[in-house]
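Structure record follows, encoded as structure tokens.
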Amino acid sequence: MKIASYNINGIRARMPRLVEYLEEQKPDVLCLQELKCADDNLPIGEIQAAGYDGIWHGQKGFNGVAILTPGGAPTLRCIGLPGDPDDTHSRYIEAEVNGVIVASIYLPNGNPVGTEKFAYKLAWMDRLRAHASELLAEERPVVLAGDWNVIPTDDPDDVFSARAMASDALAQPESRQAFRRILNLGYTDAIRARHSEGVMYTFWDMKTNGWERDAGFRIDHLLLSPQAADRLFDAGVDKDYRGRERPSDHTPAWVILDD
DNA sequence: ATGTCAATACAATATTGA
């Protein structure tokens, strides 16, 4: 069972990349982030024409998450992260697919540090930790997949330049601690479980010509509950989609679980 | 290294968010 996560950065603008990914990689589950699209404007017909269906939580202009599966939509478990009824951002959707609980997460970016945006990021991560803890109590396979907007370490295998990112919300000690606190509940970072060393970037900035310089970092993660980690067969990053025509600034990351 | 890109409001360019 291949479960992939792809920050698509505008689903309507990226439909060629999305359809190509579905047809070439044939994921059993694809978690999408940054749809930048209202619910009614999602091009579900083209997705269905590619043999997939889905559930989604869109938003006009920015944010938006979805979970796609072949041969019919997955079973929806929840839309929106519990814990703050006033949160209007579409950043969380959760489904069940073949006995596996799968979440598509678009964690707040949090820049610039020191503003309400950074506070929102940390508060959102607190809520995510609380929910992740409740999911663990179910003692079932859980995959928390998405754009976590956290560079886990200063290791060159995680970030092209720790110095360049030192004042960025993605690399702050508070962001990293909040990420570790979720891991420390008992989740496994699937990419590093399978590749303890090696460059595994998932994002290259468009502003700074990051792709051409290989100035990337690792912010798309799939966290596995113990029951999912028991079944971890492989994990990786489909790097070449970042180099294609009109790409997203992210590239997909994935896990394969034993059936 | 202050650059690119998508979406929106608006109606050719500016703003927002990343």
Side-chain angles (χ1 to χ4, degrees), chain A residues 5-21 31-44 46-47 56-66 80-81 87-93 104-125 128 145-152 156 158-172 174-176 178-179 201-221 239 241-253:
Chain A
S5 179
Y6 192 5
N7 180 322
I8 199 81
N9 189 16
I11 191 168
R12 286 170 293 178
R14 307 299 178 210
M15 280 310 286
R17 297 289 77 73
L18 174 58
V19 169
E20 180 173 276
Y21 189 75
C31 299
L32 296 172
Q33 301 87 35
E34 276 205 89
L35 304 177
K36 296 188 178 183
C37 173
D39 281 337
D40 292 344
N41 290 335
L42 192 109
I44 189 62
E46 289 177 62
I47 291 167
W56 60 93
H57 190 205
Q59 186 165 2
K60 188 169 72 173
F62 71 123
N63 298 329
V65 286
L81 186 61
D87 186 358
T88 58
H89 290 206
S90 300
R91 297 181 175 276
Y92 188 90
I93 192 166
S104 181
I105 292 169
Y106 179 46
L107 207 140
N109 175 292
N111 278 305
V113 174
T115 67
E116 72 287 344
K117 290 188 175 183
F118 190 61
Y120 172 65
K121 175 181 193 143
L122 296 180
W124 204 93
M125 293 184 84
L128 180 57
D147 175 2
W148 286 70
N149 266 316
V150 176
I151 302 167
D158 278 350
V159 58
F160 73 103
S161 165
R163 191 173 157 190
M165 299 302 292
S167 60
D168 196 285
L170 281 56
Q172 292 311 295
E174 296 94 330
S175 308
R176 288 172 169 170
F179 181 66
Y201 302 158
T202 64
F203 171 93
W204 295 259
D205 192 32
M206 288 180 177
K207 293 195 278 281
T208 57
N209 218 22
W211 176 248
E212 288 73 11
R213 301 183 298 130
D214 198 26
F217 36 83
R218 188 170 77 92
I219 52 174
D220 297 271
H221 310 300
K239 183 174 175 180
Y241 290 85
R242 180 61 180 82
R244 298 194 186 188
E245 186 182 352
R246 290 192 79 197
S248 169
D249 41 10
H250 294 250
T251 206

Could you give the distance separating [M] and [N] at their [atom1] atoms, to the nearest angstrom?
| N | M | atom1 | value |
| --- | --- | --- | --- |
| dA1(B) | dA14(B) | C1' | 24 Å |
| dG3(B) | dA7(B) | P | 23 Å |
| dT2(B) | dG17(B) | P | 23 Å |

Handout entry: Qualifying residue, where the test is side-chain contact (heavy atoms from CB on, under 4.5 Å) with Ile219(A) and the options are Asp158(A), Asn149(A), Val150(A)
Key =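 The side-chain contact (heavy atoms from CB on, under 4.5 Å) with Ile219(A) is passed solely by Asn149(A) among Asp158(A), Asn149(A), Val150(A).
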Practice task
Have a look at Arg17(A) and say if it touches a base, only the backbone sugar-phosphate, or nothing, with a 4.0 Å heavy-atom cut-off.
Solution key: nothing
Exercise for the section: Have a look at Phe203(A) and say if it touches a base, only the backbone sugar-phosphate, or nothing, with a 4.0 Å heavy-atom cut-off. Expected result: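 It contacts nothing in the nucleic acid.
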For [X] and [N], give me the distance from atom [atom1] to atom [atom2], rounded to whole Å.
| X | N | atom1 | atom2 | answer |
| --- | --- | --- | --- | --- |
| Asn111(A) | dT16(B) | CG | C1' | 15 Å |
| Lys117(A) | dG17(B) | NZ | C1' | 6 Å |
| Glu34(A) | dT16(B) | CD | C1' | 12 Å |

Practice task
Using the six-membered ring wherever Trp is involved, compare the ring planes of His221(A) and Phe179(A) and label them parallel, tilted or perpendicular (cut-offs 30° and 60°).
Solution key: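 Tilted.
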Completion exercise
Closest heavy-atom pair, Pro247(A) versus Met206(A), reported as atoms and distance to 0.1 Å, is O-CE, 3.0 Å
Problem - Arg176(A) versus Ile151(A), closest heavy-atom pair with distance - result: NE-O, 2.7 Å
Exercise for the section: Using a 4.0 Å cut-off on protein heavy atoms (strictly under), produce a 5'-to-3' string for nucleotides 1-8 of chain B with B for base contact, S for backbone-only sugar-phosphate contact, and - for none. Expected result: B-BBSSSS
Exercise for the section: Quick one: look up who dA11(B) pairs with, Watson-Crick or G-U, both distances under 3.5 Å, and put none if it's unpaired. Expected result: none
Practice task
Answer with yes or no whether the side chains of Lys117(A) and Asn111(A) bring together a donor and an acceptor at under 3.5 Å.
Solution key: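 Absent: no donor and acceptor within the cut-off.
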Handout entry: No-hydrogen, no-angle side-chain donor-acceptor test under 3.5 Å, Asp214(A) and Tyr201(A)
Key = no
